[in-house]
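Predicted model only: the values in this text are computed from it and were never measured. When a ligand or atom number is given, it counts from 1 through the structure's own listing order.
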Amino acid sequence: MNQRTVARTIRHKGIGLHSGRDVQLEIHPAAANTGIRFVRTDLQPQAEIPAHPSFVFDTSLATRLGSPEAYVSTVEHLMAAMFGLGIDNARICVNSSEMPIVDGSSAPWLILLDEAGVEDLGVAKSIRVVKKPIEIVDSRDPSRFIRIEPSKEPRITYSIDFKNNDLIGSQSLSMSLTGRSFCEALSNARTFCTAEEVEFMRSRGLALGGSLQNAIVVSRTEGLLNSGGLRSPDEFVRHKVLDCIGDMALIGSALQGHIIAHKAGHDLHTALAKKLCEPSDAVELKAAAGTKSRSRSRLLDFPSSLSELPGFAGLNLVTG
Ligand SMILES: [Zn+2]
């Protein structure tokens, strides 16, 4: 497994979910071992924020990286797409504090990245191999937890339980985790919230860019408000897994272990990502077996074209 970057610069214009503001974004190629870095181009001087768990400073509505003076919010859906295509290095320039929400999933990002192409940098990727279990439990609600266990193959098992909402209810998913399985099974699952949450967020000046074009909205009295229905019956848990993968992508390496989570969220995901990056005897960091040649050849996990994948035909995209 070698490190990858984008083959050329990608540009996208969209809106921020909470700010409702226009956001311009560019994703540039970057050299091996430089990682994924966000750059706030609207600040003077520009601020560079590495995509790394040590830069997480708020997880209440989305994953926010940086500092109170210079941050970028809602990085998880693009980070998950980076995982899907195995991209380790890129410079993401953005002129706002919030990433564009696109359709609320990772699929539009995959399509943009796939269009630009992915370049193999000819340098081996690093991999974190889990040797002993690590568990993070929410101290206020011990039923919420995330754990990682040693496993021959990367795997994820995730469950949610929305007792007060029949439409979401309890859902669970367990699957082997590869770039391809992410692209095929998870990438188009959209973010979701209840109509009551939308009302509350709007009263606080949030979710100003939110609409039925970029989120699933469930009302207690009227059910699902999106006229097009769900993309899969368990789209809710699939999106939670997508969020978890996006947060785990902050570790900047491949990961060999089995993630098991129940009622988790960005707080627990990023706490585990942080632990995985700390030196300990629970995790071994090593170079993944890689090929020496620098080429743009297809790699095992990488779909040659997203149009080949099930679930992408007829996807209603809002890419701005
Ligand atoms: Zn999300």
Within the stated cut-off of 2.8 Å, is an N/O/S atom of Glu76 closer than that to the Zn ion (ligand 1)?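 Not a single backbone or side-chain N, O or S atom of Glu76 is under 2.8 Å from the Zn ion (ligand 1).
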Under-4.0 Å salt bridge between Asp42 and Arg21: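 Result for this pair is no, no salt bridge flagged.
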Is a salt bridge present between Asp138 and Lys263, judged by a nitrogen-to-oxygen distance below 4.0 Å?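 So Asp138 does not pair with Lys263 through a salt bridge.
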Run the ring-ring contact (aromatic ring centres under 6.0 Å, His included) test against Tyr158 and tell me which residues pass, sequence neighbours left out.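 For Tyr158 the ring-ring contact (aromatic ring centres under 6.0 Å, His included) partners, ignoring immediate neighbours, are His269.
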Working to 10°, measure the angle at the Zn ion (ligand 1) formed by atom NE2 of His77 and atom NE2 of His239. 100°
By atom name, which N, O or S atom of Asp243 is the nearest to the Zn ion (ligand 1)?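 Atom name of the closest N, O or S in Asp243: OD1.
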Of all residues at least two apart in sequence or in a different chain, which pass the salt bridge (Lys or Arg N to Asp or Glu O under 4.0 Å) check with Glu149? Arg147
